[in-house]
Asks: 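Quick one: this structure, given as C-alpha cells, is what I'll be asking you about.
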Amino acid sequence: MSNPQVKVNSNQLVRFGEGKQYMITTMGCQMNEHDSEVMAAVIENLGYRPTSNPENADLIILNTCAVRKKPEDKVASLLGKFYALKEKNEDLVIAVGGCMTQQKTSARYIKNRFRQVDLVFGTHALPRLPDLLDQARRSKITIVDIEEDYADREGLPVAPRSTFHAWVPIIYGCNNFCSYCIVPYVRGRERSRSFNDITEQVRNLAKDGYREVTLLGQNVNSYGHDLPGSVTFADLLSELNQVEGLFRIRFMTSHPKDLSPKLIEAVQQGDKICEHFHLPAQAGSNQILNKMNRRYTREQYLQLIKNIKTAIPGVSITSDIIVGFPGETEEQFLETADLLEKVRFDSAFSFIYSPRHGTRAAKLEDDITYAEKEKRLQYLNKIQQRISKEENDKMVNQIYEVLVEGPSKNDPELQTGRTRNNKLVHFKGPDNLIGRLTNVRISEARTWNLFGEMEGAVN
Ligand code: SAH
Ligand code: SF4
Ligand code: F3S
C-alpha cells in the first residue's frame, strides 16, 4: 500500500517550511509523545515554527494511537475539524501518522474516507518525514508510507517540550504479543538502542541542563537481549546513575515476567534512580492471565511485589488493569479486585477491554455486555481511589524532595513538583524553581495529589 512515487532524496530538500507554522496533536503513550518531539525537530529543521492555534497552521500532524477504540474514534472527529480549516487555507497540509496508520486497514480507511488528508505515514517513517512532506505539499493525491522497514532513527534530532525533563527511548517495539494488544503489530519487533548512543545522549542532555530523564520502552526489562555481549537494563541504569548533573532517572514500562533481582538491586542502590515501578498486572485471575498470554501467575506477581517492597522502602508501584476480557467471569473479575487490595497500588489505570482487529483475543467471543464492563470498571476505580488516598495519607507530615515542574495547572498561585516516588505535590513557592529540587513537608493528602509547604534550601 506504500506509494511507489515516494523517493528518498534528502539532498535536494529546500527549507520549504520557511515562514510557515506547524501544529502537532498527539494521542497515546509517552513513546508517541517522544515521536512527536522528534517530528517537531525534523519539521523545525525545514523552517517551520510551532503554533498552538490550528487556524494559523500551514501543517497539521495528527499522531495517532491504536491501543483502544476510543482514541481511534477521536481521529475522525479531529480530522473533520481540520477539514474545515482547508477551506480558509488551501495550502494547509494535513498529515496523519502513528500507530493507527501503521495498520493497512486503518491507513486505507483514512485515505479513502478523509480525502483532504495529504499524507498518511506509519511509525517507521520518521526518518523519511521531510521527503514525505515535500511530496505531500506538491501532490494532488494522498501520499502513503507505512513500510515496516525499521529505518534507523539514530541521529534524528529531537525537540523536548520541557526544559528540564526528557523522554529517552531505550528499546523500540515489543515481542510479547499479549493476546489483546495491538502494539507489537504497529511498533514491530524489539530493537534496543546501543548502550553508547543512550549514555551519550543522556550525558549531553545533562550538559544542556536537563535534570530528569524517563527511559522508555514497551518493556524496558528486555533491554539488551538483542545486543552483542550480555548488557542488561540493570547495567544501563547503573551506568546512567553516574551521569554528572543529572538528578533523577525514571523508567517505564516494566513487564512483570522479566523484572530481575538485579534490576531491583540497581534501583535500590542508584541514588538517582527513582523508587517507582509501573508494573501492569492487567488481571488477578490465573485463567485470564493465561488467556492474555502474560506469562506470569497471580502468585508470581504478588511475590514480585513483596520482593520490591522489602528491598526498597517507600517505593511506589502503579499498574494497568483490563476489565471485561472475553470470558471473564464475575469470580475472575473479583480476583482482580482482590489483587488491588493485596498489592495496594499507589495508583492504577483501569481500562475496559477493547477488541483490536488482528490480535488473538479479537477472535474470542466478546461475551460481556458493555454495561457489565462499565460496572466492573467503576467497582475497581472505587477500590483503587480509596487505596490511593490511604497510601497518600501515610505521607502527611513527612518531608519529601520534589523536582519542581512549574506553576500548578489548576491554581497558578501554587507550584507543582514531583516526589521521587512519582506523586504530584502542590505548594506555595517562588516561580523561578522550575527544574530545581526543594524539600516539601506534606500537609494534606488527596486521591490524586498532595499539598505541602516548602522547607529548607533549594538546589
Ligand atoms: N507496554 C506496556 C503498555 C502497553 S499499552 C505494558 O506492557 O504494560 C498500555 C495499557 O493499555 C496496557 O497496559 C493495557 O492495560 C491497556 N491495553 C492494551 N490493549 C488493550 C485493549 N485491547 N483493550 C483495553 N486496554 C488495553
Ligand atoms: Fe502490549 Fe503486552 Fe507488549 Fe505491553 S508487553 S506493549 S501490553 S504486547
Ligand atoms: Fe502508544 Fe497507543 Fe502506540 S499506547 S505505542 S501510541 S498504540
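If you read the sequence from its start, that first residue is 1, and numbering goes on from there. Indexing begins at 1, ligand by ligand and atom by atom, following the structure's order.
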Asks: If we count only N and O atoms by modelled type, under 3.5 Å, do the side chains of Asn112 and Arg108 hold a donor and an acceptor together?
Replies: no
Asks: Just need the protein heavy atom nearest to atom 7 (S) of ligand 2, so name the residue and atom and give the distance.
Replies: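 Answer, as residue, atom name and distance: Tyr180 OH, 3.4 Å.
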Asks: I need the nearest protein heavy-atom contact for atom 6 (C) of ligand 1: residue, atom name and distance, please.
Replies: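 The protein heavy atom lying closest is Thr253 CG2, 3.8 Å.
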Asks: Asp338: what forms a salt bridge (charged side-chain N to carboxylate O under 4.0 Å, His left out) with it, not counting sequence neighbours?
Replies: Arg298, Lys342
Asks: Verify whether one side chain among Asn221 and Lys257 offers a donor that lies under 3.5 Å from an acceptor in the other.
Replies: no
Asks: Regarding His124 and Glu147, do their side chains bring together a donor and an acceptor under 3.5 Å, going by distance alone?
Replies: no
Asks: Which protein heavy atom lies closest to atom 5 (S) of ligand 3, and at what distance to 0.1 Å?
Replies: Gln218 NE2, 3.4 Å
Asks: Can the positive tip of Arg211 be found less than 6.0 Å from the middle of the six-membered ring of Phe247, inside 45° of the ring normal?
Replies: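 So Arg211 does make the cation-pi contact.
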Asks: Quick one: look up the protein heavy atom nearest atom 7 (S) of ligand 3 and list residue, atom name and how far away it is.
Replies: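 Protein heavy atom at minimum distance: Ala66 N, 3.3 Å.
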Asks: Are the charged groups of Lys262 and Glu265 less than 4.0 angstrom apart, N to O?
Replies: no
Asks: Name every donor-acceptor pair, under 3.5 Å, that has one atom in a side chain of residues 316-328 and the other anywhere in the protein, sequence neighbours excluded.
Replies:
unit_1, atom_1, unit_2, atom_2, d
Ser316, OG, Asn421, O, 2.8
Thr318, OG1, His276, NE2, 2.9
Thr318, OG1, His278, ND1, 2.9
Ser319, OG, Ala281, N, 3.0
Asp320, OD1, His278, NE2, 3.2
Asp320, OD2, His278, NE2, 3.4
Glu328, OE1, Gly324, N, 2.9
Glu328, OE1, Arg376, NH1, 2.9

Asks: Please classify the Tyr180 to ligand 1 contact at 4.0 Å (heavy-atom distances, strictly less than): side chain, backbone, both or neither.
Replies: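 It is both backbone and side chain that touch ligand 1.
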Asks: Need the ligand 1 atom indices (1-based, order shown) with element for anything under 4.0 Å from a heavy-atom of Tyr353.
Replies: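 Atoms satisfying the 4.0 Å criterion: 23 (N), 24 (C).
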Asks: Can you tell whether the side chains of Lys394 and Glu391 come within less than 4.0 Å, N to carboxylate O?
Replies: yes
Asks: Looking only at N/O atoms, are Gln218 and ligand 1 under 3.5 Å apart anywhere?
Replies: yes
Asks: Hey, are Glu299 and Asn286 close enough side-chain-wise for a donor-acceptor pair under 3.5 Å?
Replies: yes
Asks: Would you check if there is a donor-acceptor pair between the side chains of Gln135 and Asp131 at a distance under 3.5 Å?
Replies: no
Asks: Going by atom types only, do Asn241 and Ser238 share a side-chain donor-acceptor pair under 3.5 Å?
Replies: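 There is no such pair between these side chains.
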Asks: For ligand 1, find out whether one of its N or O atoms is nearer than 3.5 Å to an N or O atom of Asn219.
Replies: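 For ligand 1, there is no N or O atom that lies under 3.5 Å from one belonging to Asn219.
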Asks: For ligand 1, which atoms, with element, lie under 4.0 Å from some heavy atom of Ile352?
Replies: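 Once the distances to Ile352 are compared, the set is 23 (N), 24 (C).
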Asks: With a 4.0 Å cut-off on heavy atoms, does Ile322 reach ligand 1?
Replies: yes
Asks: Is any protein N, O or S atom closer than 2.8 Å to atom 1 (Fe) of ligand 3, and if so, which?
Replies: Cys29 SG
Asks: Below 4.0 angstrom from a heavy atom of Val67, which ligand 1 atoms are there? Numbered from 1 as shown, please.
Replies: 5 (S), 18 (C), 19 (N), 20 (C), 21 (C), 22 (N)
Asks: Would you say Ser192 and Asp226 are linked by a side-chain donor-acceptor pair, where the criterion is simply a distance under 3.5 Å?
Replies: yes
Asks: Below 4.0 Å from any atom of ligand 1, is there a heavy atom belonging to Ile182?
Replies: no
Asks: Which option, Thr359, Asp320, Leu279, Val183, owns the non-hydrogen atom nearest atom 13 (O) of ligand 1?
Replies: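 The residue whose heavy atom sits nearest atom 13 (O) of ligand 1 is Asp320.
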Asks: Can you tell me the protein heavy atom closest to atom 8 (O) of ligand 1 and the distance?
Replies: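 Checking every protein heavy atom, the shortest distance to atom 8 (O) of ligand 1 gives Pro280 CG, 3.1 Å.
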Asks: Do Asp152 and Arg193 meet the salt-bridge criterion of a basic N to acidic O distance under 4.0 Å?
Replies: no
Asks: Mind checking how many protein N/O/S atoms fall short of 2.8 Å from atom 3 (Fe) of ligand 2?
Replies: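 Protein heteroatoms (N, O, S) closer than 2.8 Å to atom 3 (Fe) of ligand 2 number 1.
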Asks: So, Gln384 versus Ser388: side-chain donor-acceptor pair below 3.5 Å or not?
Replies: yes
Asks: For Gln282, take its heavy atoms, then give the atoms of ligand 1 lying under 4.0 Å from any of them.
Replies: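 Counting from 1, the qualifying ligand atoms are 8 (O), 12 (C), 13 (O), 14 (C), 15 (O).
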Asks: Under 4.0 Å from a heavy atom of Arg294: which atoms of ligand 2 are those, numbered in the order shown and with their elements?
Replies: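 Checking each atom against Arg294, I get 2 (Fe), 7 (S).
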Asks: Under 3.5 Å, is there a donor-acceptor pair between the Asn449 and Lys423 side chains?
Replies: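 Per modelled atom types, Asn449 and Lys423 side chains form no pair under 3.5 Å.
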Asks: Take Phe251 and Phe233, measure what ring pair (Phe, Tyr, Trp, His ring centres under 6.0 Å) needs, and give me the verdict at the end.
Replies: CA-CA 10 Å; Phe251 56 90; Phe233 180 49; 5.3 Å; yes
Asks: Is Asp35 salt-bridged to Arg153, going by a charged N under 4.0 Å from an acidic O?
Replies: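 Looking at Arg153 together with Asp35, the answer is yes, because their closest N to O distance falls below 4.0 Å.
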Asks: Could you say whether the N/O atoms of Ser354 and ligand 1 ever approach to under 3.5 Å?
Replies: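 N/O-N/O distance under 3.5 Å: yes.
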Asks: Charged N to carboxylate O below 4.0 Å: is that the case for Glu341 and Arg386?
Replies: yes
Asks: I want to confirm something. Looking only at heavy atoms, which of Arg68, His278, Lys70 is nearest to atom 16 (C) of ligand 1?
Replies: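 It is Arg68 that holds the nearest heavy atom.
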Asks: Is the shortest distance from a heavy atom of His255 to ligand 1 less than 4.0 Å?
Replies: no
Asks: Against heavy atoms of Arg356, which atoms of ligand 1 measure under 4.0 Å?
Replies: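 Atoms satisfying the 4.0 Å criterion: 22 (N).
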Asks: Determine whether Phe121 and Gln102 satisfy the following criterion, side chain to side chain contact (heavy atoms under 4.5 Å, CB included), listing intermediate values before the conclusion.
Replies: CA-CA 7 Å; Phe121 65 105; Gln102 185 61 47; over 6 Å; no
